[in-house]
Amino acid sequence: MVALRTKRTNNEADEPSSPVLRFGADKPLKLDAGTLLSPFQIAYKTYGTLNDARSNAILVCHALTGDQHVASTNPVTGKPGWWEVLIGPGKIIDTSRFFVICSNVIGGCLGSTGPASTNPATGKPYGLDLPIITIRDMVRAQLMLVDHFGIEKLFSVLGGSMGGMQVLQWASSYPERVFSALPIATGARHSSQNIAFHEVGRQAVMADPDWHGGKYFEQGKRPEKGLAVARMAAHITYLSEAALHRKFGRNLQDREALTFGFDADFQIESYLRHQGMTFVDRFDANSYLYMTRAMDYFDLAADHGGRLADAFAGTRTRFCLVSFTSDWLFPTEESRSVVHALNAAGASVSFVEIETDRGHDAFLLDEPELFAAINGFIASAARARGLSA
Amino acid sequence: MRQASAHDPEKLQTFRTGIMRQASAHDPEKLQTFRTGIMRQTNGTIMSVNHAQRVDLEVVADLIPAQSRVLDVGSGDGLLLELLQATKQVDGRGMELSQRGVNECVARGLSVIQGDADKDLKFYPDKGFDFVVLSQTLQATRNPKLVLDELLRIGTHAIVSFPNFGHWRVRLSLFVEGRMPVTKDLPYSWYDTPNIHFCTIRDFVNLCEELGATVEKATALDANGQKIGLSMPWWFWNFFGQQAVFLLKR
């Protein structure tokens, strides 16, 4: 069973069930680590039709454990796309009107080159031989995909969390390619506390004897226990104390009384164990290390002499930032500091803070106020871009 | 245009007669929509620290030429920005304290952020806007002098409207009843009012002088929202003007 699962995910890494764009030796990906990645590939999904003027393209950037299957059934889990509440025909991001692109990030494990992909030099999975990937590397690769479609200027780039980091990077690196930007529940840098949480997750993976220094595929194993613990810890940070208490309280799991043991007595324990177990079925442990590292390294101000406003100097992009009151991973203050920098840069910016107790994950959920903000922002940007309704 | 001085009534009179008339090239239909909007806004609860009729917005809008870059500080539910975008094609941005107001604005496609006039104006660059508008908000700020100073720094022009505490009803309440005024337009009791820094028209002109601001235009509106005649003497404005709109620069 384990072997079967290993094989399947591994296949999705090299031969994904979504379209793939392959770049040969003539088109390497320049990495911040100082090396070139070549050959490499980008797995992506598109929805809707690119118009003749190529002006209706929206790039969606996925979060830490997301993938390109944003608005259609995920081939690994069989579940709906991760942002189907927002994106699809007739939805807020209407795919009968917009051409939506979502690609698996470099370093990911669902078809874009990542640690689970086969290293052509060895014929074995990269493992830790893959150079460290940064948010900027991911965006550079996405640019090559956008170029492939012949899209001069994206109508919009949007994403939450790590996806939001990519949005900010896009707006900073390629302002002339981004008409509007929607970074949600994110920040211009990863805070010390967030790095700390990620480090706990990575240590959990690496402490698992099945990790084998990252070469677990060669051993026919996977560090499932370590990755599950990492996911459990991370999952707590995506929720809020209030939401956890509302949902689980101190309720017991299928029992009348405490067992005076270490079984999952409480519903919250059972819930977290379930989250951890289902996660390892769909995600590669090394990829988790690379993704978390990419977020840790992200610091847009540091790339501009410590002044965040300089990251957006002269920008003509229209911005809309969204934060959630109970998000303690990317608290409102993180968004606000981006807003202040954009103000200082004279940018057109909207900023909405949404009251909810659903924590960081609220951006993935059915949040009417979030949808209203996105709808208003996209509609007014579309008018400004001359896109008919 | 000469700078007004509260200490020299004659100068004041000269400056006020020099006030330019509004070249009111209004689209009557849009104006009607705007007025309906004002009614809607008056009935709503989000905006405006005063529930006074927002006739001042019409006067403010008249002061702003087409295609200007405008920052509306205390933009409420975005009525002024919407009007300016529709009639003047301005590049409009807003800052509003109430999160609910902001969210409604953004949902309607306006470029608005949540922010506090007392704290967040410092993030804007010098002369980043042609006009910075502060409508019916000055009296609710913690540090009106600093806020006004910031407006003059950020905008080539600043437009400020405020309720006149020198209005005869206010004076009457204090004089006859000996109590802090609670009127239809200033409905709060002294202990729960957000309006912590009231001033009279004369006080405001004084502050402008202190900050080295030039008054380019000024308008006083009576209780019915009608402009008070320019030929009226200064004390008349300060007595019968229920609110005032100033166009400033520095």
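Lettering of chains follows the sequences in order, A, B, ..., and the numbering in each one begins at 1. Below, all heavy atoms of this structure are taken into account, side chains as well, without hydrogens, waters or symmetry copies.
The 12-atom threshold is not exceeded at CG of A/Asp52, counting heavy atoms of other residues, nucleotides or ligands nearer than 6.0 Å. Counting non-hydrogen atoms of neighbouring residues, nucleotides and ligands closer than 6.0 angstrom, the CZ atom of A/Arg246 exceeds 12 such neighbours. By the 6.0 Å contact criterion, NZ on B/Lys127 is enclosed, its count of non-hydrogen atoms from other residues, nucleotides or ligands being greater than 12.
Counting all heavy atoms, side chain and backbone alike, A/Ala344 lies closest to B/Pro125 at O-CG, 3.6 Å. In plain terms, the two heavy atoms of A/Phe351 and B/Gln99 that are nearest each other are O-NE2, 4.1 Å.
For chain B, the option among A/Val349, A/Thr332, A/Asn375 with the highest count of heavy-atom pairs below 4.5 Å is A/Val349. If you tally non-hydrogen atom pairs under 4.5 Å between each of B/Asn103, B/Val102, B/Leu71, B/Asp91 and chain A, the highest count goes to B/Asn103. Interface check for chain B: of the options A/Ala379, A/Ala345, A/Ala347, the most heavy-atom pairs under 4.5 Å are formed by A/Ala347.
With rounding to the nearest 0.5 Å, the separation of CD1 in B/Ile113 from CG in A/Asn343 is 4.0 Å. Note: A/Ser350 OG to B/Arg93 CZ = 9.0 Å, rounded to the nearest 0.5 Å. For the atom pair OG (B/Ser111) and CZ (A/Phe377), the distance works out to 8.0 Å, reported to the nearest 0.5 Å.
Only the backbone of B/Leu110 comes within contact range of chain A, with heavy atoms under 4.5 Å apart. For A/Glu353, the parts sitting under 4.5 Å from any heavy atom of chain B are the backbone and the side chain alike.
Taking 4.5 Å as the limit, some side-chain heavy atom of A/Arg336 sits within range of a side-chain heavy atom of B/Gln114.
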